[in-house]
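Everything below concerns the one structure shown next.
On a predicted model such as this, the values are computed, not experimentally measured, just so you know. Numbers restart at 1 for each chain; the letters A, B, ... are given by sequence-line order, proteins then strands.
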Protein chains: 2
Amino acid sequence: MGHENLSERKKLILKAIVEAHIDGGEPVGSKYIMQNNLLSCSSATIRNEMAELEQMGYLVQPHTSAGRVPSEAGYRFYVDALVEQYARTTHEVVQINQLLRTKMNELDQLLDTASRLASTMTNYTGIAIKPKSNSVTMSKFEIIPMDQNNFAMVMISSGGVVKTKKVKTAETIPEGALARLSELFNSALCGIGADMITLPIIMRLEVEMGDAAFLVNPTVKCVYEVMNEIDGGEMKLSGLNHLLKYPEYADTEELGELLGTLESQEEILELVSTAESDDINVLIGSESSVKVMNNSSLVFTPIKKNGHTIGVIGVLGPRRMNYKQVLKTLGDIGGSITQMMDEDRQLKEANTKEGDN
Amino acid sequence: MGHENLSERKKLILKAIVEAHIDGGEPVGSKYIMQNNLLSCSSATIRNEMAELEQMGYLVQPHTSAGRVPSEAGYRFYVDALVEQYARTTHEVVQINQLLRTKMNELDQLLDTASRLASTMTNYTGIAIKPKSNSVTMSKFEIIPMDQNNFAMVMISSGGVVKTKKVKTAETIPEGALARLSELFNSALCGIGADMITLPIIMRLEVEMGDAAFLVNPTVKCVYEVMNEIDGGEMKLSGLNHLLKYPEYADTEELGELLGTLESQEEILELVSTAESDDINVLIGSESSVKVMNNSSLVFTPIKKNGHTIGVIGVLGPRRMNYKQVLKTLGDIGGSITQMMDEDRQLKEANTKEGDN
DNA sequence: GATTAGCACTTAACGCAAAAGAGTGCTAAA
DNA sequence: TTTAGCACTCTTTTGCGTTAAGTGCTAATC
């Protein structure tokens, strides 16, 4: 990434401009840079440098008599090379830990709390995503009778997700049928993917159930639904109101489109699922391929357990997002979660070993 | 409700003004009313009537040379007395039925789908609410072992809601302990409210569990959480982007506050839980006691099962909401759900009787 | 007595030109 | 290579007369 061919001074100036624009929101001029950044040179010199930075594509001038604004490439350079390494303060980490620890047992809640936290800490909109995994199988079925026409179906996926569905039957459930059904499902449907549940299998199940064959259809349907639910991504936003603080979202029409896109979820899920990095990802403006986000940036980080991704949390804001702060915050939160997961695993392994003896 | 002391002509004019303002969004003048409403009188007459209507508090004049805008009282009168009774077309009802029927088994999903539907049909923001019930007890516990340190806890509430929680234990779970735990919980915690789970009860459970006493604490905590989850209200919005179409939400700051309030949920839950009517409720502007909603209206209707409310769906929009359309839509959707619930119940009763024979 | 035509009056909205402000690019000197 | 200085450009603000919409009132009419 030929980022190195910038003089130190150019880097300093670019950094100053980006940071000034991030918290001012307006084009920044040479004079301002000179006054607020201990650079030992005059505004004229800065102007010259700025002109060159513009030619290189890192800055943009809204109009002749305005200051400069960072271009997408400018932000990219800033994020890649200029933003300082963030250092976590112990205090904050402790706070984060306390808040998250109580939610560790419920994946959905954990992600949600984490993104909410990210949102309040950064003043941007938080995103919690449970991405498509594309390889869900069931590891256990359990059936709990409720009354003559209802039972609850508890399913545990290979990934350890527990889901419950209520099933309603048209006819009265015969004595003992549910026990048989449970046994049958456990032997026939465990470990196979949703696309492997074919008609022959269903028919065989129906034969085996005999006079209670009518139970098979709704139950299988329910299994199928759950597999798709676990598999299919889900996304939750928090702190939408933060967006409105930034003038770049003042255009109601554009904002409406953005909200619509966010609500339909698909595009964002797609976006996140094609993430390159295993660490923190930063998508600036049109890098994201979603049109309505051309003026926004999305920063997100995967949450992992035993090495594979179980969720994503992130932050959405204007392109002139405070990357330094956001990177730090997401790093903190992601780090805390991963650490807790690890502690968990170690605990578990220790116990297993103990059990083996 | 002294609504009757308006002459027929005044009513006609008020109705015309309200409806014109609803779909134009701007103050309406006497001339416009004269031209577009088959009133056999001149604009001067209408002006006189309008002046009187203003004095009575039904209309408001933004400034001297502007037309009139309905006041809150004006909308209230319109909704109470002037809006025409809506008639459902069979076609739409069929559509609604089809969409909702597949979701009947999951309360959360049903409400969500219903509100989403309301939102797209009306072009306002949809709200789905699961209100506080304040009287949750459990009717059944079931425990499903997962591995040496994890098990799933399935709980069925008296209201028929099924919830699952994963429980992680610090020590390895002893053989047979879970079966005992399940039995114990079923006998000790069924039918009692969350506030009745006191320390003495927990201590007795621990004694009874003997060497597996360490299981009691996390499990009870989990029961407690679930009871509060079922009890505590929850709220989901859909179609937020619709709001932005209306110029009354152009003020970003105000909109931000509104979004914040909506997200924190409490106020809206409170609002809905104090609903007076068992049918469709209409809260116009400041009637709602939530400050940020002074320029908005909220229309909602409870969803009932066997006579008591299990959820609320509604629509949020500008004060000049198209009440006619919204009332019709919510009526349709609510009607469809109730009807389906009834069919369900009848089915169930028929089966029960059959089983008795 | 109710209705209507006509007109003066009020006020927001619009358009436009002048002034102000901000920031640049360039030139010439240090 | 840096910098002071200045002319230039373009946006933003301000002020002001004009326009348009809609009313309230009065006097005539039904």
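- For Thr64(B), no side-chain nitrogen or oxygen approaches OP1 or OP2 of dA12(C) to under 4.0 Å.
- If you take CD of Glu54(A) and C1' of dG25(C), they are 12 Å apart, rounded to a whole angstrom.
- Counting to the nearest Å, the P atom of dC7(C) and the CZ atom of Arg47(B) are 13 Å from each other.
- Donor-acceptor pairing under 3.5 Å, judged by distance alone, is absent between the side chain of Arg68(A) and the base of dG25(C).
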- Give the intermediate values and the outcome of side-chain contact (heavy atoms from CB on, under 4.5 Å) for residues Leu53(B) and Leu6(B). CA-CA 9 Å; Leu53(B) 281 167; Leu6(B) 278 192; 4.2 Å; yes
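- Salt bridge Glu72(B)/Arg319(B): present, at least one basic N to carboxylate O contact under 4.0 Å.
- Put simply, CD on Glu49(A) is 17 Å from C1' on dC26(C), counting in whole angstrom units.
- Protein atom CD of Glu26(A) is 14 Å distant from nucleotide atom P of dT24(C), rounded to whole Å.
- Comparing dT4(C), dT24(C), dA4(D) by their nearest atom to the side chain of Ser42(B) picks out dT4(C).
- The nearest whole Å value for the distance from the CD atom in Glu52(B) to the P atom in dT3(C) is 10 Å.
- Regarding contacts with the backbone of dT2(D), a side-chain N or O of Arg9(A) is found under 4.0 angstrom from either OP1 or OP2.
- For the pair Asn48(A) and Ser43(B), nearest-nucleotide mapping onto DNA chain C gives the more 5' position to Ser43(B).
- Each of dT23(D), dT24(C), dT4(C) was ranked by its minimum atom distance to the side chain of Cys41(B); first place goes to dT4(C).
- Put simply, the residue from Tyr124(A), Tyr323(A), Tyr75(A) that forms a side-chain hydrogen bond (donor to acceptor under 3.5 Å, both in side chains) with Ser297(A) is Tyr323(A).
- Donor-acceptor pairing under 3.5 Å, judged by distance alone, is present between the side chain of Ser65(B) and the base of dT11(C).
- Counting only heavy atoms from C-beta outward, the side chains of Val290(B) and Leu271(B) approach each other to under 4.5 Å.
- Ion pairing of Glu49(B) with Arg68(B) is absent here, as no side-chain N (NZ or NE/NH1/NH2) approaches a carboxylate O to less than 4.0 Å.
- Ile17(A) places its CD1 atom 12 Å from the P atom of dG23(C), with the value rounded to the nearest Å.
- For dT2(D), the OP1/OP2 oxygens have no side-chain nitrogen or oxygen of Thr45(A) closer than 4.0 Å.
- When each of Gln61(A) and His63(B) is assigned the nucleotide of DNA chain C bearing its nearest heavy atom, the one mapping closer to the 5' terminus is His63(B).
- Across the protein-nucleic acid pair, Ile46(A) atom CD1 and dG25(C) atom P stand 13 Å apart, rounded to whole Å.
- Here the P atom of nucleotide dT23(D) and the NZ atom of Lys31(B) are 11 Å apart, to the nearest Å.
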